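Since we're looking at a predicted model, the values are computed, not measured. Residue numbering restarts at 1 for every chain, and letters A, B, ... go by the order of the sequence lines.
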Protein chains: 2
Amino acid sequence: MAQMGRPRVFDRQQAIEQAMHLFWEQGYETTSLSQLKTQIGGGISAPSFYAAFGSKEALFKEAVQCYLESYARVTDGLWDDEIPPREAVELTLRRSAKMQCESGHPKGCMVALGTMSAPKPEHAHVAKPLAASRSRTHAGFVRCVERGIAMGELSEETDARAMGTMFSSFLLGVSISARDGIKISVFNASITELMKLWDAARNER
Amino acid sequence: MAQMGRPRVFDRQQAIEQAMHLFWEQGYETTSLSQLKTQIGGGISAPSFYAAFGSKEALFKEAVQCYLESYARVTDGLWDDEIPPREAVELTLRRSAKMQCESGHPKGCMVALGTMSAPKPEHAHVAKPLAASRSRTHAGFVRCVERGIAMGELSEETDARAMGTMFSSFLLGVSISARDGIKISVFNASITELMKLWDAARNER
DNA sequence: TCACATATGTATCGATCGGTATAAATATGT
DNA sequence: ACATATTTATACCGATCGATACATATGTGA
């Protein structure tokens with residue numbers, strides 16, 4: 001049997017993406033139910049909202065999941081051992097910066113900017129997947145530097161944690177800078193500079 | 001004549017600092033009136049609050065001003081021409097990172113983290129002084145690189161905007177990383193790495 | 001002593017917050 | 001045709017939002 005009952009008048013997946021854009025731009029707490037209801041499918045009622053998603057928090061979790069499975073994939077290269085570590089780092093920086101400056105969605109990265117909600121203990125579990133993703137990306141940068149050392153490309157004295165934190169913090173800062181209107185061309189030039197640090201850490205041969 | 005009328009039972013300047021800590025940690029919109037009233041002077045009433053500060057927004061502006069005149073001064077070195085540009089950049093990075101990791105107040109920088117409120121046009125003017133401060137710091141980094149070029153220390157081909165954006169975005173990212181628990185020792189090691197970029201841009205002589 | 005100025009406590013304002021109760025509308029399965 | 005399942009629309013819930021009216025308390029200046 002197909003689906004029974006009266007059919008839903010809006011597209012559920014599309015609604016999640018619209019909610020994701022709102023949460024991306026304003027964060028969890030600042031985005032209100034009425035904003036979500038107005039935006040979704042050109043306007044839905046409260047009961048339709050709760051029948052479809054359960055609660056604001058449940059929808060946020062789905063929106064975050066949607067983001068992690070799409071836009072956040074720009075950092076996947078960090079975990080691809082087929083890619084040489086230097087390329088993996090540079091590719092990730094450029095892909096992420098480009099995505100964060102794209103039009104068609106809010107500037108910056110939802111994972112980086114959904115941080116403010118954390119302090120309130122009542123919403124700690126809401127911010128947890130975002131924090132986990134940041135931690136994962138940070139670890140990915142560190143891992144690439146470690147790969148560079150293990151391959152003999154980088155000097156044994158290279159501080160992988162310091163270097164990884166540098167790449168990671170720069171990329172987090174891009175989210176704020178992008179909201180302030182910095183253009184992708186400037187970020188790309190900055191990344192070109194930043195990658196010189198990798199070369200400076202090379203083994204003298 | 002001194003002040004007339006019934007004397008205020010709480011210290012106004014101290015109240016501004018307590019409010020600043022709340023706004024610093026949670027942002028403008030997420031911090032509620034009842035939180036502020038509870039925190040200030042061990043608890044004050046709504047009329048006392050409005051008699052003293054006028055409105056939530058007015059208090060926020062005073063809190064931001066208080067922050068800019070104290071903690072935010074860590075970046076003042078960027079505009080001190082007495083300091084050689086390389087030292088000015090490094091000093092600013094280390095001072096700010098240290099401040100952001102200090103205990104006794106929220107982690108990170110209030111100027112960097114008070115961004116989310118911006119999207120809502122109703123609160124644009126509230127976020128404006130924060131955006132102005134970020135813009136000023138960004139310009140300060142660029143200016144130091146330009147000073148380095150003008151002094152003949154850095155190569156003429158150095159892209160000052162790219163380099164300044166790199167320092168600035170890294171420092172903005174420190175706010176998020178600090179909230180995630182990264183320690184000051186790691187940031188200091190990252191800054192040591194980052195400063196090698198300045199040396200890499202030196203004039204070959 | 002007493003008018004004046006300011007702060008305080010109680011009680012409350014309308015608006016919005018996230019969330020629901022109820023019943024009518026619209027599909028499927030038999 | 002008719003029972004069942006699901007979404008819809010209207011109306012509303014208690015709680016909290018930022019902000020205020022009003023009367024009382026407590027100080028200064030003449």
Side-chain angles (χ1 to χ4, degrees), chain A residues 1-16 18-19 22-23 26-64 116-117 119-127, chain B residues 1-16 18-19 22-23 26-64 116-117 119-127:
Chain A
M1 54 176 168
Q3 58 178 11
M4 291 179 60
R6 182 170 172 174
R8 182 176 288 128
V9 75
F10 62 95
D11 184 81
R12 196 177 184 281
Q13 183 57 33
Q14 187 176 331
I16 292 175
Q18 290 166 321
L22 273 177
F23 286 131
Q26 303 180 335
Y28 173 69
E29 317 201 44
T30 311
T31 303
S32 70
L33 230 352
S34 55
Q35 276 184 303
L36 290 164
K37 291 186 304 182
T38 302
Q39 202 75 6
I40 290 176
I44 64 172
S45 67
S48 294
F49 179 93
Y50 284 93
F53 307 111
S55 70
K56 178 186 175 183
E57 182 180 327
L59 174 56
F60 180 75
K61 284 180 181 171
E62 288 202 62
V64 167
M116 295 292 289
S117 313
K120 294 208 167 179
E122 31 174 330
H123 298 124
H125 54 296
V126 160
Chain B
M1 55 175 168
Q3 59 178 12
M4 293 179 59
R6 181 170 175 175
R8 182 175 288 127
V9 77
F10 61 95
D11 184 80
R12 196 177 184 281
Q13 183 57 34
Q14 188 176 329
I16 291 174
Q18 291 166 319
L22 274 177
F23 285 131
Q26 303 181 336
Y28 173 69
E29 316 202 45
T30 312
T31 303
S32 71
L33 242 296
S34 56
Q35 276 184 304
L36 290 163
K37 291 186 305 182
T38 303
Q39 202 76 8
I40 289 176
I44 65 172
S45 68
S48 295
F49 178 93
Y50 284 94
F53 307 111
S55 71
K56 178 186 176 183
E57 181 180 327
L59 174 57
F60 181 74
K61 284 181 181 171
E62 288 202 64
V64 167
M116 294 293 287
S117 313
K120 293 206 168 180
E122 31 173 331
H123 298 124
H125 54 297
V126 160

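- Screening residues 40-58 of chain A for salt bridge (charged side-chain N to carboxylate O under 4.0 Å, His left out), with sequence neighbours left out, gives A:E57-A:K61.
- Two residues are said to be in side-chain contact when any heavy atoms from C-beta on lie closer than 4.5 Å; B:F23 and B:L59 meet this criterion.
- As rounded to whole Å, 11 Å separates atom C1' of C:dT16 from atom CG of A:L33.
- Atom CD in B:Q3 sits about 11 Å away from atom P in C:dT8, given to the nearest Å.
- When rounded to the nearest whole Å, the span between CD1 of A:I40 and P of D:dT7 equals 14 Å.
- Remark on DNA chain D: of its neighbouring residues B:E57 and B:G5, the 5'-side contact belongs to B:E57, judged by nearest-heavy-atom nucleotide.
- In the set C:dT8, C:dG29, C:dA5, the nucleotide with an atom closest to the side chain of B:F10 is C:dT8.
- Between A:K37 atom NZ and C:dT16 atom P the separation is 12 Å, expressed in whole Å.
- In this pair, B:H123 and B:Y28 present their aromatic rings perpendicular. The plane angle is above 60°, beyond the 30 to 60° band.
- Here the P atom of nucleotide C:dC17 and the CZ atom of A:F60 are 18 Å apart, to the nearest Å.
- Rounded to a whole Å, the CE atom of B:M4 is 12 Å from the P atom of C:dA7.
- Listed by chain and residue number, A:Q26 satisfy the side-chain hydrogen bond (donor to acceptor under 3.5 Å, both in side chains) test with A:Q35 (two or more places apart in sequence, or in another chain).
- The distance from atom NZ of B:K56 to atom C1' of D:dT20 is 17 Å, rounded to the nearest whole Å.
- Sequence neighbours left out, the pairs with a member in residues 2-13 of chain B that pass salt bridge (charged side-chain N to carboxylate O under 4.0 Å, His left out) are B:R12-B:E62.
- Under the side-chain hydrogen bond (donor to acceptor under 3.5 Å, both in side chains) criterion, B:Q14 pairs with no residue, sequence neighbours left out.
- B:Y50 pairs by the ring-ring contact (aromatic ring centres under 6.0 Å, His included) definition with nothing, not counting sequence neighbours.
- Residues satisfying the side-chain hydrogen bond (donor to acceptor under 3.5 Å, both in side chains) test with B:T38, not counting sequence neighbours, are none.
- Axis angle, first five pairs versus last five pairs of the helix from C:dT1-D:dA30 to C:dT30-D:dA1: 0°, rounded to 10°.
- Contacts between residues 44-53 of chain B and DNA chain C, defined by a heavy-atom separation below 4.0 Å, involve B:S45, B:P47, B:S48, listed by number.
- Here the C1' atom of nucleotide C:dA24 and the CZ atom of A:R6 are 8 Å apart, to the nearest Å.
- Every residue two or more places apart in sequence or in another chain was checked for a side-chain hydrogen bond (donor to acceptor under 3.5 Å, both in side chains) with B:Q18, and none qualifies.
- An OP1 or OP2 oxygen of D:dC17 is reached within less than 4.0 angstrom by a side-chain nitrogen or oxygen of B:S34.
- Between B:R8 and C:dA7, a side-chain N or O to OP1/OP2 separation shorter than 4.0 Å is present.
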